[in-house]
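Here's the structure, in structure tokens; my notes come after.
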Amino acid sequence: MRKKLSKVLMKGNEAIGEGAVRAGCRYFFGYPITPQSELPHYLAKRLPEENGVYLQSESETSAINMVYGAAGAGSRVMTSSSGPGISLMQEGISYIAGAELPCVIVNMMRGGPGLGNIAPAQSDYLQAVKGGGHGDYFVVCIAPASVQEIIDFMYDAFDIADKYFTPVMVLADGILGQMMEPVEFKENQEMELPEKPWAANGKRGRESKNIINSLYIVPEDLEEHNFKLKDKYSIIEEKEQRWEEYYTEDAELVLTAFGTSARVCKAVVDKARQEGLAVGLIRPIMVWPFPQKAFDKVIHSAKQFLTVEMNTGQMVEDVKLAVAGRRPVYFTGRPGGMLPIANDIFEEVKKLMSGGAE
Amino acid sequence: MFQGILIAGFGGQGVLSTGQLLAYAGMLEDKHVAWIPSYGPEMRGGTANCGVTISDIPISSPVVTEPTVLIAMNRPSLEKFEPKIVQDGIALINSSLVDTEVQRDDIKSVYINANELAEEIGNSKIANNIILGALVEMTGVVSGESVVESLKKVLPPKRHNLIDINREALEKGKKLAEEARVKTAM
């Protein structure tokens, strides 16, 4: 068992950095952007202490291609950015997914589109969970809701990336990056990282050289590759769904929210339960693969669903797919860097439960 | 117990570090705490603020939109946040830099000329902790000992020589709050 040590107060962005280092990440390539700049700032100091490399690239396009290189050489590697920078990285992420390489990408979301603003938002959900770049692929997306979860999930992010040869995105909003909360670190253990005999790190006595590529010029070959990726995604969808249930057993109205929105929704559930209303919350922890199983589980008691997001309605599409027409699905959200307010959501809940939505 | 505390002032007045000190003290007492800065496109000389939530139950949003306590270190902060304080909440005002008075009569206001008092104690940079001392006394959100203990964690070791003078500042604020309470009682 890993023993827990005493608590420290830590900012979410720094926690990502420390969590990554503890998960064996030794390479970081990135470019500053609010609201995640404390993360590269932290790693600039921290990685050299572990004989790692921190490098600020000239652009996000460059950073993601450095990640491609380090991942191809078999290292645990990470980059981070926010909305506009993540858009610039999408070409590289597509190549990495095509070449089936493990890496971790952090998106500390802000308001968009365009330059938008630097306030916290969940504006990149669809971009994140539907692949993001060109081609036929998915990226595993994990969505923490506290600084402690950020620490814990960094291990999972790197492990899943290695296990399935895939980029993993940590999808959070600016609040989680900026806030400080108490965290506990597990005692550092000797970690056994998986062997990577496929890495392009020199011939090392192998009979043939390893080549990493996303180019399959012959359609038959690419089709085979696409089906292979599809099989992999199906396994991930079966095995890696993760979610938190909060008072869902008998819930007639089920809220769905991730990240900071889910924290606000928990307060709504508490308030509703105090007033005797059967309200619960499904909080997707993995947003891709989306937790279909969570919805199948509650559908017997749930009469309706309300999705709450910091955007104008993105995850609600996946909730509708998961509910598959069996129940009505409603949406409320605050875009642009504004936060959903618990009292507003509660009013919405009361309205829906008294049948006032029609 | 739930306190959503908003600490606001000019950049450089120790607004963010005062908040961290408070959050740390709450953590030492095993309470749920969250700290969040305003991180807009701020500029030197502009306003800075942070929200600190200390609670017995898990914290939903760390953003303090309706403070139970406001520390206004300057006039723009009071003007901006006074309307947002909850009913029966507390406004702690640095009257060294705020020459106006609170308009509302449904909140408790305490005026402390923190800059002058800090100079009297011997260091202008401890003004924030005089007010923090008053906050701790008035709300009991954390104990004074926890705040002093937090100083040891929040201040880098080379600044530990400043712990005593900060303790003095906290004591001063505590005393002022006690006096204010006596006055209200009469």
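All values reported here derive from a predicted model rather than from experimental measurement. Proteins get letters first, then strands, A, B, ... in listed order; numbering begins at 1 in each.
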*For B:R159, does the CZ atom sit with more than 12 other heavy atoms under 6.0 Å from it, leaving out its own atoms?*
no
*Closest non-hydrogen atom pair between B:P37 and A:Q178, with its separation*: CD-O, 3.4 Å
*Closest contact, heavy atoms only, A:V8 versus B:M27*: C-SD, 3.7 Å
*Would you indicate whether B:E66, at its atom CD, is surrounded by more than 12 heavy atoms from other residues, nucleotides or ligands within a distance under 6.0 Å?*
no
*Does any heavy atom of chain A fall under 4.5 Å from the side chain of B:I57, the backbone, both, or neither of them?*
neither
*Look at atom OH of B:Y111 and say whether more than 12 heavy atoms of other residues, nucleotides or ligands are closer to it than 6.0 Å.*
yes
*Would the number of heavy atoms belonging to other residues, nucleotides or ligands and lying under 6.0 Å from CE of A:M338 be above 12?*
no
*With a 4.5 Å cut-off on heavy-atom pairs, point out which of A:R263, A:M180, A:E181 contacts chain B the most.*
A:M180
_Heavy-atom proximity to chain B below 4.5 Å, by part of A:S146_ = neither
_Shortest non-hydrogen contact between B:I36 and A:M179, atoms and distance_ = CD1-CB, 4.0 Å
*asked:* A quick test of your reading: do over 12 heavy atoms of other residues, nucleotides or ligands sit less than 6.0 Å from OH of A:Y31?
replied: no
_Pick from A:V147, A:I175, A:N117, A:T34 with the largest number of heavy-atom pairs that fall under 4.5 Å of chain B_ = A:I175
*Is atom NE2 of B:H32 surrounded by more than 12 heavy atoms (other residues, nucleotides or ligands) closer than 6.0 Å?*
yes
*Would you mind checking which part of A:P120 comes under 4.5 Å of any heavy atom in chain B, side chain (CB onward), backbone (N, CA, C, O), both or neither?*
both
_Counting only heavy atoms from other residues, nucleotides and ligands, does the tally under 6.0 Å from CD of B:Q87 exceed 12?_
no
*asked:* Can you tell me which portion of A:L339 sits under 4.5 Å from chain B's heavy atoms? Options are side chain, backbone, both or neither.
replied: side chain
*Top of A:A119, A:P182, A:A262 for chain B proximity - count of heavy-atom pairs under 4.5 angstrom*: A:P182
*Which heavy atom of A:K11 sits nearest a heavy atom of B:W35, and at what distance?*
CE-CZ3, 4.0 Å
*Shortest non-hydrogen separation from B:S61 to A:V264 and the atoms involved*: CB-CG2, 3.7 Å
